[in-house]
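Remember, it's a predicted structure, so these values are computed and weren't measured experimentally. All values below come from the heavy atoms of this structure, side chains included, with hydrogens, waters and symmetry mates left out. Numbered from 1 within each chain, the chains take letters A, B, ... in sequence-line order.
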Number of protein chains: 2
Amino acid sequence: MAIPRAAQTLRRTRIQEEKEEQILEAALEVFSQRGFHGSTIDQIADVAGMSKPNLLYYFRTKEAMHRALIDRVLENWLEPLQSFDADGDPGQEIRGYIRRKLELARDFPRESRLFANEILQGAPHIMTVLEGPLKALVDAKAKVIRAWTEAGKVRPCDPYHLIFSIWSTTQHYADFDVQVRAVLGSADALSDRFDGAAAFLERLFIDGLVLAPARDEISP
Amino acid sequence: MAIPRAAQTLRRTRIQEEKEEQILEAALEVFSQRGFHGSTIDQIADVAGMSKPNLLYYFRTKEAMHRALIDRVLENWLEPLQSFDADGDPGQEIRGYIRRKLELARDFPRESRLFANEILQGAPHIMTVLEGPLKALVDAKAKVIRAWTEAGKVRPCDPYHLIFSIWSTTQHYADFDVQVRAVLGSADALSDRFDGAAAFLERLFIDGLVLAPARDEISP
DNA sequence: GTCTATACCGCGATAGAC
DNA sequence: GTCTATCGCGGTATAGAC
């Protein structure tokens, strides 16, 4: 069973890859809006413009689609936090992280909602990722932040809750998009919304947490 | 049609009310975890300890259950923001609001997840509430905050994004509970988690946004 | 008011023709 | 590789006995 699977992978044609791409794109559209249990293969097939059996030829079960989708999205999702640099300036690092997360929320809202749905429902498919790689990554970055606070560059604070608050505030604009738009009114354009959010969040986190020795050095 | 509905409401017995309560409690448990489309009446009946037809005697459709549940939860959900007082001290008001929202996230996480699921899925059942009462309430409170900034009590900032950021950071501890617990490790107790969150968020928002003339008056 | 039985449909998945 | 047809199951909802 392992050998045919490998062989199948090796002789995967360009057309096959395009079809799989097409299916995963449709699956993202549906899963991100309804969650795993609320989604049906019919809906995904409709969006993909394929018949249901044809779709099941490429992914033999609904769970296989979901797993392939989650795996692919996970790679790009942890990247911004990884590039958090211990040697950089705390203000620059935090500002850059907020910007990247906001850009992700703006440009890939369905990916954000896919995870939100998964975690809301108890994270049955990614629990091991949360407890393993994600926890390890956050632990490492928490140490970076703690070093900043101990060096007097950042106001003393719990680094874990700092990370949680950046996650929640930025992802909010993807996950709760309909609510944000309803409250701000339809006059508000997408770019305005995110520029406003960026300005507010940078001010909140930088002014609120980062101590400014740099400014003293510039104008003493 | 309106008259029998009213009559039915009037002669509702205590037992009927208790059963309905029991059903809505079970519906909250299920809907909050799986969302509307992902939930089944079987699951709700199981949790409620009743037979499926019996449950459908009290609520004739799945949507009726969901609607009754949403309506009831909505009442308590908007209350904390309503008590936001223009004449109060900004620091006290914002601190109090954060505390109340965190207490709601701690004590009623399922209610929070019910809304999160509903909004993630496009808010099909509460769109009118978001565009009507919720928007009106937020508009009113945004004016309160703007008055504070113009009076020099609060750093200039967009009041809407301030409210969004308080919503997202506090609800995060209910909606993304499994992720928070996975990252912090199982050693972390519920009360520790929320005490830590409260300490961090109060410091972030108060130190970050509220200007402190009071402190000058106390120790000049 | 509450149960058993069941109608009826849409779901995930498979078989087999082409 | 892609289709039509279909299976078996579980979904919502109803009918009718008790």
Taking N or O atoms only and anything under 3.5 Å, show me the protein contacts with nucleotides 16-18 of chain C, one pair per line.
none

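- Listed by residue number, there are no residues of residues 25-42 of chain B with a heavy-atom contact under 4.0 Å to DNA chain C.
- Separating the CZ atom of B/Phe59 from the P atom of D/dA13 is a distance of 13 Å, rounded to the nearest angstrom.
- Without hydrogens or angle criteria, B/Trp77 side chain to B/Arg72 main chain gives no donor-acceptor distance under 3.5 Å.
- The nearest whole Å value for the distance from the CG atom in A/Leu55 to the P atom in C/dT14 is 13 Å.
- For the segment residues 44-53 of chain B, the set of residues with a heavy atom within less than 4.0 Å of an atom of DNA chain D comprises B/Lys52, B/Pro53, in numerical order.
- Between D/dA13 and B/Tyr57, no contact under 4.0 Å exists linking OP1 or OP2 to a side-chain N or O.
- Taking 4.0 angstrom as the limit, B/Asn54 places a side-chain polar atom (N or O) nearer than this to OP1 or OP2 of C/dC3.
- Distance CG (A/Leu56) to P (D/dT2): 13 Å, rounded to an integer number of Å.
- B/Arg60 places its CZ atom 6 Å from the P atom of D/dT14, with the value rounded to the nearest Å.
- Here the closest heavy-atom approach between residue A/Lys101 and residue A/Thr170 is recorded as CB-OG1, 3.6 Å.
- When every heavy atom of A/Thr149 is checked against every heavy atom of A/Cys157, the shortest pair comes out as CG2-N, 4.3 Å.
- Of the charged side-chain nitrogens involved, at least one lies within less than 4.0 Å of a carboxylate oxygen, so that A/Lys135 and A/Asp139 count as a salt-bridged pair.
- Look at CD on B/Gln43: it is 12 Å from P on D/dG10, rounded to the nearest Å.
- Using bins of under 30°, 30° to 60° and over 60° for the plane-to-plane angle, the ring pair B/His66/B/Phe31 lands in the perpendicular bin.
- The interatomic distance linking A/Met65 (CE) with C/dG12 (C1') rounds to 9 Å, in whole Å.
- Between B/Phe164 and A/Tyr173, the ring-plane angle classifies as perpendicular under the 30° and 60° cut-offs.
- Rounded to an integer number of Å, the gap from B/Glu18 CD to C/dG1 P is 13 Å.
- Look at CD on A/Gln22: it is 13 Å from C1' on D/dT2, rounded to the nearest Å.
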